[in-house]
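Below: the structure, in structure tokens.
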Amino acid sequence: MLGLAAACVCAGCVYEREVSRRHPLAGLPGVKSATPETSRGWQGADPTYVPEDQLVVEQPGGQRTLVARSARHLMIHIYTTLRDGDEELFTEQVLSSITRGEYQARGLDAREAFRTLRGQSEDVVALFNLMPSGEKTPGVHWRTIDRTRDGRPIVRVSLGSNVPGMRWNFMDMVMESGNWRLRWFGRE
């Protein structure tokens with residue numbers, strides 16, 4: 001090994017690659033190691049990152065488009081549409097087409113989903129308070145629970161079963177047109 005590069009000579013070919021080293025506790029204050037750290041850290045970009053001021057895109061004519069690349073973004077849209085009483089925006093851009101279809105199959109207007117959740121908004125807020133960063137909240141589980149007919153995953157973001165006294169401990173969501181949409185809430 002030569003410094004940061006390892007080399008192998010085989011029949012006239014030279015292969016080099018950069019080798020990095022990072023102590024498991026590196027980054028914590030006061031941690032010292034006998035070997036130098038050579039890691040440059042995470043170099044990738046988070047594909048779910050959207051600045052919070054860009055979660056609602058104003059279109060010409062005043063129409064709004066909601067951006068929900070993560071569970072947290074979806075939670076923000078659920079909360080704000082319920083808070084603002086925006087039944088139309090909730091029904092069209094927050095609620096999944098699967099859930100809208102289920103309401104319609106039962107002979108109900110899909111706006112009933114909004115009215116139901118608005119009446120249970122304290123339960124929505126209680127759940128969201130326990131997972132403020134959505135799927136990135138420590139202890140929150142993210143798993144695929146089913147698939148749509150066209151193969152898109154239906155994902156559950158769950159607190160687990162150790163949450164007594166809560167109406168719900170999970171939120172199900174599905175990706176539609178590049179954004180997460182609400183499937184519904186429940187308890188495991």
Side-chain angles (χ1 to χ4, degrees), residues 46-161 163 166-188:
D46 180 357
T48 65
Y49 176 75
V50 177
E52 288 202 18
D53 65 344
Q54 294 176 20
L55 292 178
V56 179
V57 178
E58 295 286 335
Q59 303 293 338
Q63 188 177 11
R64 294 174 290 168
T65 301
L66 302 181
V67 177
R69 302 283 191 262
S70 69
R72 176 164 167 65
H73 298 157
L74 179 59
M75 290 164 48
I76 290 168
H77 295 316
I78 293 167
Y79 175 81
T80 56
T81 54
L82 291 175
R83 180 196 66 201
D84 298 345
D86 201 333
E87 191 173 275
E88 184 177 336
L89 192 60
F90 176 89
T91 305
E92 292 176 7
Q93 294 191 45
V94 174
L95 195 62
S96 71
S97 62
I98 299 168
T99 305
R100 280 195 309 267
E102 288 174 350
Y103 269 81
Q104 292 165 353
R106 293 189 321 233
L108 299 170
D109 185 340
R111 293 171 191 254
E112 275 302 312
F114 174 84
R115 295 177 194 130
T116 298
L117 284 184
R118 189 119 195 248
Q120 299 169 347
S121 60
E122 288 180 13
D123 297 316
V124 173
V125 170
L127 177 65
F128 290 174
N129 281 341
L130 292 178
M131 53 179 178
S133 296
E135 69 276 22
K136 294 181 181 176
T137 304
V140 167
H141 309 281
W142 165 290
R143 72 178 195 272
T144 301
I145 58 164
D146 203 355
R147 296 216 171 254
T148 62
R149 288 185 183 139
D150 59 354
R152 290 174 290 124
I154 298 173
V155 173
R156 176 162 293 166
V157 181
S158 173
L159 295 170
S161 59
V163 187
M166 297 270 302
R167 175 184 213 113
W168 301 311
N169 66 347
F170 70 80
M171 174 180 74
D172 290 345
M173 56 190 200
V174 63
M175 182 66 74
E176 294 180 1
S177 303
N179 289 295
W180 288 109
R181 303 286 172 94
L182 176 64
R183 180 71 179 92
W184 206 250
F185 297 96
R187 182 151 188 88
E188 295 179 300

(request) Kindly state each residue pair satisfying salt bridge (charged side-chain N to carboxylate O under 4.0 Å, His left out) with at least one member in residues 118-132, sequence neighbours excluded. (result) Asp123-Arg167
(request) Measure the CZ-CG distance between Arg143 and Asp172 for me, rounded to the nearest 0.5 Å. (result) 8.5 Å
(request) State the OG-CZ distance between Ser121 and Arg83, to the nearest 0.5 angstrom. (result) 12.0 Å
(request) Please answer whether the main-chain N or O of Gln93 pairs with a side-chain N or O of Arg181 as donor and acceptor at a distance below 3.5 Å. (result) yes
(message) Let's go through Glu102 and Arg183 carefully: what are the C-alpha distance in whole Å and the side-chain angles of both, what is the deciding distance for salt bridge (charged side-chain N to carboxylate O under 4.0 Å, His left out) to 0.1 Å, and is it a yes or a no?
(response) CA-CA 10 Å; Glu102 288 174 350; Arg183 180 71 179 92; 2.7 Å; yes
(message) Using modelled atom types and a 3.5 Å cut-off, is there a donor and acceptor pairing between side-chain atoms of Glu112 and backbone atoms of Tyr103?
(response) no
(request) Evaluate the criterion side chain to side chain contact (heavy atoms under 4.5 Å, CB included) for residue pair Leu74 and Val157; output intermediate values, then yes/no. (result) CA-CA 11 Å; Leu74 179 59; Val157 181; over 6 Å; no
(request) Report yes if the side chains of Met171 and Ile78 come closer than 4.5 Å at any heavy-atom pair, otherwise no. (result) yes
(message) Are the side chains of Leu182 and Thr99 in contact, using a 4.5 Å heavy-atom criterion?
(response) no
(message) Between Thr91 and Glu88 (side chain of the first, backbone of the second, donor and acceptor by atom type, cut-off under 3.5 Å), is there such a pair?
(response) no
(request) Using a strict cut-off of less than 4.0 Å between a Lys/Arg side-chain nitrogen and an Asp/Glu carboxylate oxygen, indicate whether Arg100 and Glu92 qualify as a salt bridge. (result) no
(message) My understanding is that only residues two or more places apart in sequence, or in another chain, count here; which of them pass ring pair (Phe, Tyr, Trp, His ring centres under 6.0 Å) with Trp168?
(response) Phe185
(message) Which heavy atom of Val174 sits nearest to which heavy atom of Ser96, and what is that distance?
(response) CG1-CB, 3.5 Å
(request) Over all heavy atoms of both residues, which pair between Met75 and Gly134 is shortest? Give the atoms and the distance, please. (result) SD-CA, 3.7 Å
(request) Output the distance between atom CD (Gln104) and atom OG (Ser97), rounded to the nearest 0.5 Å. (result) 10.0 Å
(message) Using 0.5 Å steps for rounding, measure from the CE atom of Met175 to the OG1 atom of Thr148.
(response) 11.5 Å
(message) Just to verify, what does Asn169 make a side-chain hydrogen bond (donor to acceptor under 3.5 Å, both in side chains) with, not counting sequence neighbours?
(response) none
(request) Any pair with a residue in residues 48-98 that passes ring-ring contact (aromatic ring centres under 6.0 Å, His included), sequence neighbours left out, goes on the list, sorted by first then second residue, please. (result) Phe90-Phe114
(message) Which residue is it: Val94, Leu95, Val124? I am looking for the one with a side-chain contact (heavy atoms from CB on, under 4.5 Å) to Leu117.
(response) Val124
(message) Is it the case that the side chain of Thr144 and the backbone of Ile154 share a donor-acceptor pair, with hydrogens and angles ignored and the cut-off at 3.5 Å?
(response) no
(request) Might you point out which heavy atoms bring Glu135 and Ala71 nearest each other, and give the distance in Å? (result) OE1-CB, 2.9 Å
(request) Return the minimal non-hydrogen interatomic distance between Val50 and Arg69, and the atom names on each side. (result) CG2-CG, 3.7 Å
(request) Please list all pairs passing the ring-ring contact (aromatic ring centres under 6.0 Å, His included) test where one or both residues lie in residues 129-160, with sequence neighbours left out. (result) Trp142-Trp180
Residues 51-62, side-chain donor-acceptor partners within the protein, below 3.5 Å, at least two apart:
{"from": "Glu52", "atom 1": "OE2", "to": "Arg72", "atom 2": "NH2", "distance (Å)": "2.9"}
{"from": "Gln59", "atom 1": "NE2", "to": "Thr65", "atom 2": "OG1", "distance (Å)": "3.0"}

(message) To the closest 0.5 Å, what do you measure between CD1 (Ile145) and CZ (Arg156)?
(response) 4.0 Å
(request) To the nearest 0.5 angstrom, please state how far the CG atom of Leu89 sits from the CG atom of Leu66. (result) 4.5 Å
(request) Start with the C-alpha distance between Met166 and Leu130, add both sets of side-chain angles, then the distance that settles side chain to side chain contact (heavy atoms under 4.5 Å, CB included), and finish with yes or no. (result) CA-CA 10 Å; Met166 297 270 302; Leu130 292 178; 3.8 Å; yes
(message) Donor-acceptor check, side chain of Asn179 to backbone of Ala68, threshold 3.5 angstrom: yes or no?
(response) yes
